[in-house]
Every structure is written in C-alpha cells, then in structure tokens.
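Written below as structure tokens is the structure these notes are about.
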There are 4 protein chains.
Amino acid sequence: MRLFTHTVGTRGASLTCYIQEPDEGLKNATVRPAALILPGGAYMFLSAAESEPVALAYAAEGYNTFVLRYTVGPDSPVAAAYEDGQAALGWLRANATDLHIDPAKIVAVGFSAGGHLAASLGAFGPERPNALVLAYPGVEGPTARAGVSLADAITPEMPPAFLFGTVGDDVVPARQWLSLLQALESNIVPFESHLYMLGPHGVSLAKAHTSNGRAAGVSPDTARWFTDSVRFLTAIFGDFLVSGEPQDYSQLAARATYGPDMPIYRLIEEAGPAAVLEVHIPALLERLRGSAGSAMSLRQLSEFAPDHLPTATVERISADLARFNEVTA
Amino acid sequence: MRLFTHTVGTRGASLTCYIQEPDEGLKNATVRPAALILPGGAYMFLSAAESEPVALAYAAEGYNTFVLRYTVGPDSPVAAAYEDGQAALGWLRANATDLHIDPAKIVAVGFSAGGHLAASLGAFGPERPNALVLAYPGVEGPTARAGVSLADAITPEMPPAFLFGTVGDDVVPARQWLSLLQALESNIVPFESHLYMLGPHGVSLAKAHTSNGRAAGVSPDTARWFTDSVRFLTAIFGDFLVSGEPQDYSQLAARATYGPDMPIYRLIEEAGPAAVLEVHIPALLERLRGSAGSAMSLRQLSEFAPDHLPTATVERISADLARFNEVTA
Amino acid sequence: MRLFTHTVGTRGASLTCYIQEPDEGLKNATVRPAALILPGGAYMFLSAAESEPVALAYAAEGYNTFVLRYTVGPDSPVAAAYEDGQAALGWLRANATDLHIDPAKIVAVGFSAGGHLAASLGAFGPERPNALVLAYPGVEGPTARAGVSLADAITPEMPPAFLFGTVGDDVVPARQWLSLLQALESNIVPFESHLYMLGPHGVSLAKAHTSNGRAAGVSPDTARWFTDSVRFLTAIFGDFLVSGEPQDYSQLAARATYGPDMPIYRLIEEAGPAAVLEVHIPALLERLRGSAGSAMSLRQLSEFAPDHLPTATVERISADLARFNEVTA
Amino acid sequence: MRLFTHTVGTRGASLTCYIQEPDEGLKNATVRPAALILPGGAYMFLSAAESEPVALAYAAEGYNTFVLRYTVGPDSPVAAAYEDGQAALGWLRANATDLHIDPAKIVAVGFSAGGHLAASLGAFGPERPNALVLAYPGVEGPTARAGVSLADAITPEMPPAFLFGTVGDDVVPARQWLSLLQALESNIVPFESHLYMLGPHGVSLAKAHTSNGRAAGVSPDTARWFTDSVRFLTAIFGDFLVSGEPQDYSQLAARATYGPDMPIYRLIEEAGPAAVLEVHIPALLERLRGSAGSAMSLRQLSEFAPDHLPTATVERISADLARFNEVTA
C-alpha cells in the first residue's frame, strides 16, 4: 500500500490516499474502483469515526480509497467544501493511472454533512461521482448554489445513490431522506435505501471500534448497511473479473470413484489400486508416496505435469482401476 | 494510519505495519488488538492475496495489523521462518505502547504454510500468540523442532484456535485439519472450526479481489469465515469498550406523545402545542423555528443546553402539553 | 401443529390457521405472537407464493400464523376485503387463548394489494394490527373509505410499520412507498424500510421455491427482508423469554485447569488426577468410566446429582487436584 | 398444507407429515425435497424443540417434512429406533408421488441421539438417506449392529453429511464428532462441518423459541448452522428450477432515457413526450392516464397486450421520443 496525503483545492484541503498497488499475485486487481470518503461534522468539524475506519472498510473490499478533509468551520461557506470536493474528483480522474483506479468507477461516500456534500457533488457537478453512498445525509440547509435546495437540484444526471439512515436519528429526521429519495425517484435515478428503525445519528459503521464508546451506536444489524452498499456498488460497477468455473458437488463426488479423480494417496492406500499404479507408473509412484503431491488426483497431476504423466497414461490407468468400483458397490 | 516496514530476525524478514493511531474522536480505540498476518506459499514464496488484503480486512475491524514476510525458499529450513515469527512476536510485545496494541491480544493469522507457521508459534513458543486463526493450514511435514510433528507438539499452552478450510481442497486434505483439531480437543484447547464442502485450496478471503482471477476461489458463503473469525476473537479478547444504553422501541414510541420526548419541530407545527411553547420559552422558540436543533426533543435540548432550557421548565411545558394527548386519542 | 380453516366475515372469506400448541419441552413458547398473512393479487386473485410459504416462514420463527383469503374479484369492492380483515382481527383477538396467541402481538403481513389491505387495517381500524409488514404494497387507488387515500388516512394511531420493496418494481413504483413512508414519518409512527435497487414486483420471499419459476424473483440479498422483518417485530413485541447466562469463553478456558470444571473423562485419563478421584469417590468413579456422564465436570455432576456428589466433596477433590496445575505450567 | 400422522414400523412409531401440495401459482415446486427429522433425547425421550420447530424451518425452505417419533425408552434397544428409521425411509420412497417428494432427495436431519440414528441409517442402510444433517450427534455407544461402532461402520456408500456442534457441549464432546468426520474423510464422503466454540448441548435452532427458556441456547451466530445446512443440501440436490434472467442495473438505467423503457407515467408527465403519445396512441393514452398500467414501459405494455400496442407502434413512438434525450443531456 502506498499511503500519502495530497492537498487539493485552494484552501488547503487534504486528501489522504490509501493506494493498493498492482501485484502479480493479484492479477485481476490492477485497476480498482475508488471511494472518496467525506466525513460528517455539520460543516463545523470532521468526524474521525467517519474518516479512516471507512477508508479501511472499502479498502478491505478492494477499493482504493481517499479521505477528503474538506474546509469546515463557523465562517466557512458550504461552497468552500463543495469546491474542495470538485477539486478532489478532478484530481482523482486526472491521476487515475497513477492511482490505479478506474476514473469511471468513483463512489462518493458521505456521512451526515459529508452526505450533503456527496449528494451536492452528484447534483451540481460538473465533476460528478459515478455513484453515491449517503449515510444519514443532511438534506436541508444551504447548498453550494444559493437558493437551490439539494432535493430541487437533482436531475437525471444524478448518479445512482444508496441511502442509509436510522429512524431513531434525532439530528437529521427521516423526512429529509424521504424528500431526497422522492427527488431521485421522480428523476428516475436508480437508488437503494435502508432506513433502520433504531439507532441514533452518526453511527458510522455501527461497530464498537467506530462508536467512540457509545453503546447506542453499535448494532450488528445496522452494520449491514456497509456490505449492502458494496453489493449495490458492485451491481453498478461490476466486480473484479474472474474466469473459470466454481467447484461443484459432482467434482467432489467423483473423487470417491476409483479412477482419474480419486486422490492419489487413496489409490496408494489399497493393495489393488496401488498395484495398478505400480504397473503403469512405478517411478512416479515411488516419488508420490508420502509426498504432498499425492493429495492430487491423476487428472490433476497430469494437468500440472503432463511430461511426467501424459493424458494417455491416465486413461490406461483409469481403465484398469474401473473394476474396483464394481467390487465396492 | 502510520504505515511502515520494520526488519525482524536475523535474515532480513520484513514486517509491514498498519498502525491506526489514537484520535480523540475514537476514544475507546486508543489500544487495539493486533493481527500478525502470515501468508502462505509452501515455504517457497509468499502469496500476495494472503498478505495486504488480509491486513486491511482486520484493520477494518479495528485491529492494528502486521504482515510478516518470513524467510522462504527451496533451501530455507522451516526453522528460519519460525525464528522470524518469534522475532516478530517479541518485537510487537516490546513495542506495544508505540504500536498502540495490547500485547496480550495478538492473534496470528496464517494461511496454508503460514497456518503451519502460526500453529507452530502457538505450539512451541516461547513467544506465543494469544489466539490463532488458521486458514487451510498445512499440518504435516517438518516443523521447527526436528522429529516432532505439529499435532504432537500441541499442549494445553496452545492458544485458542479458529480453523477454516474447504473439503474440496486437494492440496491440504481435510484429514490434516481433523488431526490438528483432535490434538486441540485432547488438550482442552478451546477452538472453532468451519470446514466448508466446496472450494479449492488458497481462497484467502474468498472474494473476487483476492481470487487472482479464479472463479472457483470466490464464494459469499465461504467468505463468512472472516467475520466468523472476528467474532471468535472478540469472544476471547473482548470488544472495544462501550457504555450507555442502546436505543429501544419505547424511546421511539414516546416521541409520538405530546410531551418532553416529541421532536420540537412537531410541537411547533400544531397551533395548540406551539402556543404552549410560546408561553414558556418565547425567545428560544424563535431560535428553534426552522433550525436543525428543532429535531431534538425538549428533553434532549435540556440535556444539551440546560442553561437555556432548565429541567423544571421542561416539566412545566410537559404538564401543559398533556391535554393534547387526550384530544388525539 | 393444529391446522384448520375457519370462515370469517359475511362473504365466506377463509382463514387458514397454523397453530403450534404448547408443549412442556417448549415452556417459554406457550403464548406466541401472531402473523396474519394477506396475499396480493390486485384484489383480483390471491397469490399462492404469498400465502402458505409466508405462513410457514413466520411459523418457523415461532409465530402462530393465519392466511386470510379475503374477498376478491372484478366486481368486489375493496371494502369487502377490508371487512374480511376486520373480521379476522376480531376473531383472532376473541379466540386468542384457544389459538395460543398474544392478542396484543398481531402483525399483519401484506403483499402488494395485500399490503394495501394491511395498511388499511392499520389506518382505519377499529381493529388494528399491532404492527405491519408491508411487502411492495399498493398505495394508490380506492380505499375502504370513499375519497380518502391510504396515505391521507394515516394518523398517530397507525401501528409501527416495516416496508420492503424493489426500485426495479414496475407495477408499484417506489414513489408510492415514499409517500406512504412520509405519512408515517409526519405522524411519528416508528417505521423501518428496505428498498432494494434490483428486482421485479412480487418476489415474495425472494427464494427459488416462492419464485414460481422466475429467476428474476430470486435473490439471497433481497431475501433478507424477511429476517429483517422478524428483527423489527422482535424490537416491538419482545422475544420469547429466556433466563440464565450465555456461555462465555472463560467457562471453556476453565476446563483446561485441573479442578472442578475439567471434564471428568480428562481427569480419568491421567494417573495422578485419577488417583485423587479414586481416593474420594471410588464407587462413583467406577460408574463414570466410559459412561456419557464423564463428559461432565465434577461441578456439573454435583449440580445434577448432589446426593451422589455433594459440593463439599467437589471442594475437597479440587483442593487435591490443584497441585497438577503447577506441574503442567 | 396437508398435515397428518402415519404409523411406521412394528412398534407404533409415528411419522408426522407436513405436505405442501402442488399449486398452479408455485409451478416449479410440484415435487419437493424431503426432510426426515429425528429429534434427540438420549434414546430415552424425544425433544420437542428438535421436532416440529425443525420441521417448520425446513418447510419454510420449500421441503416437505416428516418428524419421526421413533421408539425410545429405558428398555428399548437402539436397533428398535433404527428399524423405525428404515421403515420411515421405505414408506417415504414408496409413497413419494403422493407425498410430492423426490425419492432421491431425502435428507435425514438428526439431533443428538437422533443424529446418531441419522448417521446409522446412512452407514448401515439398506434404505439410506440421500444426505445427512447431524446436529451435535451422539457418536459413541451401541449401534444397531452389535459390536460395530458408528465410525467404523462408515463406507463410501455413506451419504454426504453436514455436521454441526459446539465445542462448549459437555454432553457430547467434540472428539466424538472429529472421529466421525475422520471416518467420512477417509471414505471420501463429501462433508461440511461447523463447530462453534461457544454453546451448550441441545441448542436446536439456537433461537429463543426453541430454547425452552434457556439463554445459553440462543445465539444468532450459531443459528446460522441452519441456513448453512440448506445451502449444503442445495449444492447436492440442486435448487428449485427457475428460468429467465435476473434484473440488472442496465435495465434500470434504461428507464431514464426517453424511449421504450421509460415508465409511461413519466412520458405522460411532460408535455413533449405526452404529445408524441397523443399522436400515436390517443385512445390508449386516455386509458393509461392515472391507471396502474402506466407504471409499465411501452415495451412492457406491448409484451403484455400486443393487440393494443404492436411492436411496430412502439418503434415509431421511440423514434419520435429520441429527440428529447438530446434536449436533456
């Protein structure tokens, strides 16, 4: 991991970057989706529980992540934070190659005031995230565009959004989220929303280590919002590419039959099958006895080392082994 | 996060350290449990998918994490890796304060050969992890002590262990794990074990980004081993301390009654209750109209700002509000 | 289980009753919460996938369950179904003792048109369910009270409600649910809502066996709405009462110490501890060798059979066993 | 559901049958897998918590289920229970058509002594279940065949088995399960095993309503053994057949474009697109205004009612709507 802090915008906002770098042992993860984390704090401060712990949570799901500590304070206009967010998005896209991220797969993840900021980036642009995760977002109040409310600013260009909150929140009431969801719906913006009944404002990941010591902020049920958000994003961005087939039951069942799929150590254990191997592959058999390679089947060994065990030999051995299946049945 | 690499042992093994530092906004997480990650690779190489991604996964659960890249290679004895592990444990404990970890809450998390190494650290000591997570561990083969098998080395001093594997594994057969579990059981070492039926060797976190592109290594079901391991460790180490009470339904239900628990914005919306507030707190009422603070109840506002709203005032207002409940019913 | 069908209302609506009866082996489940299942079908038919499978799902969570096949058809007014629902609620409460249900813990679970009906029962009364689970409910359209929309009918007397749907639903658009949630919110009715992004109308439990063969209706993620609904209801109704303490790690750890918590079979296995038992309880030791009871500890055996093994004896044995701990360490 | 009790065997053992019958609204569930539930009770009694609640849990997953109350008592040989089990399996297979079950998809689910019985049916035959779920099974003790232990009786004909238990169990120690798993492994019988660290004997589904009031028996983590068992069985038996495609994100995204996939109510809301509809389908437009059908897109309406809205008309409308997309962008 490369960990560094970059300054964005004109007011000294910092962007802490958690970059997982390409590795030949992770060959389908050379380019990653990006999560831009926007902590909350009423545009007055920046919540620690909504900063690095969240960056690590998305990093653990394969994202390269970025915590933006945007401009806040009693005299700071919302527009300042908004400009920081625009600058961060622009810098991420301009440096996507170096950051090993896909510039078309950037999610802004905002909490409370940071959710207001994330949604504002999606609503106003011109740099828009490609998806939004809004955790108990502030919705009312001034936006970066004077006189335009957040809900009113939403157009069909708004990225798809995931919204999570608790009805027990007494800082941002649920009606604010419902008005935001209605704006999404009427603009046909795909969304997902999980509003849990119980829980206070500001639960972050709803785990003990992000609770700042407050029991009311911990809930294994509510904590599922995070994994739900990852699934939501995967539906939009796609997952890291994989190929080949999953293992299935028939493969395991085939191991119980004397033949090319039975583990070699099992063939060796019984006199009859062992004698067959002795006939066809005496030297190889000697090397296999007691070695870790004997956990493989003949078929697997042949794929792994075709020079030592050609397919044709496997077929001949299998034909000779077939009679032991009759004896067993 | 502080990210750095430290050299341990006499052969240049490296320990990459992911240190989450204390923050006043995370006040119950100033000291964290530690996870020492031991990647697999048959003592010949070190698997990338079992290194940093695992460190990040435990970091996201609040751990400070450490990836040990121990000595491997065709001519390297198992004892060399073992000595690296001992050195790493010793260094972690000697520097626990600076690393913000609890020296009595160190789990060794090992995969395949790394699982063999983790179990060896627990079996032989003298530096022992406080718990073990063994993912499809190698069990047979030479150990750091000539002629003593891993299973035979286990005594009641072995730390509690979590063992995960797949029966479909054809590199380390399940019988090896079962012999290890039996050694734990007969020494009354508490353990937990999840052996899934399907899946190949080396699935790491069983997610796409740790699969190295192999579909057979991805399974949302098998991936639960990780969260199960965290729960297992929490049962042993305890969780980050929290205090106070969780929110419950009765608190939400109380909000619907005219009184000290109803959100202030709701009291303001209706003429009768608003008039009561006008009588008791005219100036405060003016400030509350349209402000974010109006999402609070009178009781909460009184707790938050007792100088502006004394308890006695809340009680008087509540008495006057009571009659509206009769009207509603 | 007692399974029978009762006719309710004036039009021959049927109520299929799945009654789990008291059993001395289930002594904290003599009175159960009740789930009144209201299948969907546009008030034209009744969906099989939203009937018995749902009744069985809640039954498996400990509920006594009831499927109401209310009056439907092209010429049937919504008010007819509503009257059936009122009659069913009345009958459940009048016969609560015989049905082994708590008359104050009745949830109406409605799907699509059945969700419209469930919400109508909660909105209009006079018999109201104690909680609502609304799966992709219809919200617009005529109600049982001419000219009054469902959303407008909601008052603070509405029971707490759980609402689930998919944004991909093209039969009931999400805006309908949002308007319903807003009506709940503005009446301070506690609610929970899970709106998943993907999925068509009518997924029922989102499992293969309730999909009627349609792949789009199956999703292990969306299927979580059901378990979420059970958790929601438990927060309101409370759970079946339990007492005593859960097992914790310290209890397991104590088993590894020679003393009253070590399994007796372990004490017997070693010469020294076995000799101690031989001194104190020779006859009992004879009976314990090889018996299933030897899995217990002395403390447990003493609790189970104090006449055979008094507490004082356990204490004397424990004192004599203590020295073996020193040897081991 | 058809609920009835049938007598099997020669000693009056009862089989309670929970039969979900075919329904045209559940057309992929006309034939179901079967679960034969074998409660525990040390062959002395039959545990209520391991009987009907388990039958209902598998029924809720689509199984037809059967609780066998086999012969128990102080003087009853294990062989009597075994014969009851053989008789039950024989009767299930002979009556598979009437019971709407697949005779090749019968799982025996046994708890404690019932797990011993289930495993015995699999080991000895001749009627064998097609899969086994063994919850904290007894393993030691006499079997139906004198002098042959359960573990020794296992051959490759043993059906695949799922084994669950808790290491905290002090009635059946984990070593018994490990010896059973080893017998499976050495006979190459596919298996899955979840041994949780904490929890006493006899937790059944580990939920409050099956705990008989004992807090130590309740754990949402341990309760996952049940869903894990269903997944295990699905891997072996296959799932209920479904066809067609799941919904994906691109389908939702397409709804935001003026054209055949946009919901009709949205087209109607705006003057331009509404005028296009007015030109092409004036009469249909009149009927769609305010109707539930307007939630469909033109493409869906055309599929649903091709006589009223031919494909060619949809194409012409779509061509005319295309220009509105340019205006929006």
Side-chain angles (χ1 to χ4, degrees), chain A residues 131-134 139 151 154 159-170 172-199 206 216 219-239, chain C residues 131-134 139 151 154 159-170 172-199 206 216 219-239:
Chain A
L132 300 172
V133 171
L134 309 174
V139 175
I154 289 172
F162 178 98
L163 193 152
F164 146 69
T166 55
V167 172
D169 190 328
D170 49 29
V172 179
R175 62 180 171 161
Q176 295 195 23
W177 305 327
L178 296 173
S179 72
L180 184 57
L181 294 175
Q182 281 191 315
L184 295 172
E185 206 281 341
S186 68
N187 284 282
I188 321 186
V189 177
F191 71 89
E192 175 153 337
S193 174
H194 297 274
L195 301 180
Y196 286 84
M197 179 167 65
L198 296 177
S219 163
D221 298 304
T222 307
R224 280 215 319 259
W225 80 261
F226 174 74
T227 35
D228 278 331
S229 82
V230 173
R231 174 185 43 72
F232 169 84
L233 294 170
T234 301
I236 295 166
F237 291 163
D239 207 342
Chain C
L132 301 171
V133 171
L134 309 173
V139 175
I154 290 172
F162 178 98
L163 193 153
F164 146 69
T166 54
V167 173
D169 190 328
D170 49 28
V172 179
R175 61 181 169 159
Q176 295 194 24
W177 305 326
L178 296 173
S179 71
L180 183 58
L181 293 176
Q182 280 191 316
L184 295 172
E185 206 281 339
S186 68
N187 285 282
I188 322 187
V189 177
F191 71 89
E192 175 154 337
S193 175
H194 296 275
L195 301 179
Y196 286 86
M197 179 167 65
L198 296 176
S219 163
D221 299 304
T222 307
R224 280 215 320 259
W225 79 261
F226 174 74
T227 35
D228 279 330
S229 81
V230 173
R231 174 185 43 72
F232 168 84
L233 294 170
T234 301
I236 295 165
F237 290 163
D239 207 343

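Chain letters run A, B, ... following the sequence lines, proteins first and then strands; every chain starts at 1.
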Q) For A:Leu180, is it the side chain, the backbone, both, or neither that has a heavy atom closer than 4.5 Å to a heavy atom of chain C? A) neither
Engaged part of [X] at the chain A interface, taking heavy atoms whose separation is under 4.5 Å:
X	answer
C:Ile188	neither
C:Glu192	both
C:Arg175	both

Within this structure, what is the [atom1]-[atom2] distance for the pair [X] and [Y], rounded to the nearest 0.5 Å?
X	Y	atom1	atom2	answer
C:Arg231	A:Ser219	CZ	OG	7.0 Å
A:Leu178	C:Gln182	CG	CD	5.5 Å
C:Phe232	A:Met197	CZ	CE	5.0 Å

Q: Flag the one option from A:Leu184, A:Thr166, A:Leu163, A:Val167 with the top tally of heavy-atom pairs under 4.5 Å to chain C.
A: A:Val167
(Q) Would you call the rings of A:Tyr196 and C:His194 parallel, tilted or perpendicular, taking 30° and 60° as the class edges? (A) perpendicular
(Q) Shorter than 4.5 Å, heavy atoms on both sides: which option in C:Asp228, C:Leu195, C:Thr227 has the most such pairs with chain A? (A) C:Leu195
